[in-house]
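Computed from heavy atoms alone, side chains included, the values below leave out hydrogens, waters and symmetry copies.
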Amino acid sequence: MHEMSIAQSLVDIIKEEMDKHNVTKLIKVKVKYGQISAIVPEALETAFQVMTVGTRMEGAKLETEEVPLRAKCRNCSKEFSPQEDDLLIMTCPFCETEFGHEIISGKELYIEEIEAE
């Protein structure tokens, strides 16, 4: 469960931003994560809630949004979105090349929005 360490990093980043902008209460945080980043949103939300107990972030809402996987074929250079059951061997729908594609999106993890007062 790597969500605990990710939640700790989120808490550290949010605390730094709250200090920088002189706010005292966190209302909401929106996090985007890639489809192949191996994030379990429910586990991340639980870890975040546990780590914020007794802090000025306690009770804040953590929203998560999955970013779909997009790849660019290295053979024909066309972009495509692999199907859910085609994530290990991503067959290009245009030229049928199976390996060596460039991942354009789907691995990211970042804070998109922080709402505080």
Side-chain angles (χ1 to χ4, degrees):
M1 185 167 142
H2 67 125
E3 284 81 3
M4 290 295 279
S5 61
I6 293 169
Q8 183 61 58
S9 295
L10 289 175
V11 166
D12 293 343
I13 292 167
I14 294 165
K15 181 182 180 305
E16 187 177 312
E17 288 299 315
M18 289 177 73
D19 290 344
K20 189 186 317 179
H21 297 284
N22 216 14
V23 294
T24 57
K25 180 162 180 56
L26 180 66
I27 307 295
K28 181 178 83 173
V29 178
K30 185 173 182 181
V31 173
K32 286 194 168 187
Y33 65 96
Q35 184 179 4
I36 60 171
S37 64
I39 301 289
V40 177
E42 295 82 11
L44 182 60
E45 291 170 22
T46 300
F48 180 79
Q49 296 305 324
V50 168
M51 291 184 171
T52 57
V53 170
T55 71
R56 55 191 170 151
M57 297 178 226
E58 184 173 3
K61 182 175 182 177
L62 176 66
E63 290 183 0
T64 56
E65 181 179 330
E66 184 179 87
V67 178
L69 177 61
R70 296 263 323 145
K72 181 177 180 180
C73 178
R74 290 194 187 195
N75 187 44
C76 70
S77 298
K78 292 186 178 174
E79 294 183 14
F80 62 99
S81 294
Q83 298 302 312
E84 189 78 29
D85 57 349
D86 196 23
L87 294 180
L88 293 177
I89 300 173
M90 297 184 288
T91 305
C92 174
F94 303 102
C95 71
E96 299 186 1
T97 298
E98 293 180 334
F99 299 104
H101 307 306
E102 176 186 355
I103 303 298
I104 298 171
S105 69
K107 297 190 298 185
E108 57 273 84
L109 173 66
Y110 61 91
I111 296 171
E112 182 177 78
E113 180 182 323
I114 297 173
E115 182 179 330
E117 58 183 28

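The backbone N or O of Ala43 lies less than 3.5 Å from no partner atom in the side chain of Glu45, so there is not a single donor-acceptor pair. A donor-acceptor pair under 3.5 Å is absent between the side-chain atoms of His21 and the main chain of Ala116, judged by distance alone. One N or O on the side chain of Glu3 and one on the backbone of Val40 form a donor-acceptor pair closer than 3.5 Å. Between the side chain of Gln35 and the main chain of Leu69, a donor-acceptor pair closer than 3.5 Å is present.
Summarising the geometry of Arg56 relative to Thr24, their closest heavy-atom pair is CB-O, 3.0 Å, with the distance given to 0.1 Å. Contact detail for Met18 and Leu26: the closest heavy-atom pair is CE-N, 3.7 Å. The shortest non-hydrogen separation linking Thr52 to Glu58 is O-CB, 3.2 Å. Closest approach of His101 to Cys73, counting heavy atoms only: ND1-CA, 3.3 Å. Heavy-atom minimum distance, Gly34 versus Glu66: C-CG, 4.5 Å. Nearest approach of Phe48 to Ala60, heavy atoms of both residues: CE2-O, 4.2 Å.
Note: the hydrophobic cluster containing Val67 does not contain Met90 (ILVMFWY, side chain heavy atoms under 4.5 Å, direct or indirect links). Hydrophobic clustering (side-chain heavy atoms under 4.5 Å, transitive across Ile, Leu, Val, Met, Phe, Trp, Tyr) groups Ile111 together with Ile6. Linking ILVMFWY residues whenever their side-chain heavy atoms come closer than 4.5 Å, directly or via other members, places Ile13 and Val11 in the same cluster. Hydrophobic clustering (side-chain heavy atoms under 4.5 Å, transitive across Ile, Leu, Val, Met, Phe, Trp, Tyr) keeps Ile103 apart from Tyr110.
With contacts defined as side-chain heavy-atom distances shorter than 4.5 Å, the pair Leu10/Leu44 qualifies. Glu63 has its side chain out of reach of Glu65: every pair of non-hydrogen atoms, C-beta onward, lies at least 4.5 Å apart. Annotation: side chain of Met51 is not in contact with side chain of Met57 (no heavy-atom distance under 4.5 Å).
Between Arg74 and Glu102, no side-chain nitrogen of the basic residue sits less than 4.0 Å from a carboxylate oxygen of the acidic one, so the salt-bridge criterion is not met. Ion pairing between Arg70 and Glu79 holds under the 4.0 Å rule for side-chain N and carboxylate O.
When the shell of 6.0 Å around CD of Glu16 is examined, it contains 12 or fewer heavy atoms from other residues, nucleotides or ligands. Annotation: Asp19, atom CG; neighbour count of heavy atoms from other residues, nucleotides and ligands within 6.0 Å is above 12. Shown here is Glu98, whose CD atom has more than 12 heavy atoms of other residues, nucleotides or ligands within 6.0 Å. Heavy-atom neighbours of Glu96 CD from other residues, nucleotides or ligands within 6.0 Å: at or below the threshold of 12. Atom NZ of Lys15 has 12 or fewer heavy atoms from other residues, nucleotides or ligands within 6.0 Å.
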Verify side chain to side chain contact (heavy atoms under 4.5 Å, CB included) between Ser37 and Glu108, making sure each step is shown before the conclusion. CA-CA 7 Å; Ser37 64; Glu108 57 273 84; over 6 Å; no

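The distance from atom NZ of Lys32 to atom CD1 of Ile39, rounded to the nearest 0.5 Å, is 15.0 Å. Rounding to the nearest 0.5 angstrom, the gap separating the CD1 atom in Ile114 from the NZ atom in Lys30 is 13.5 Å.
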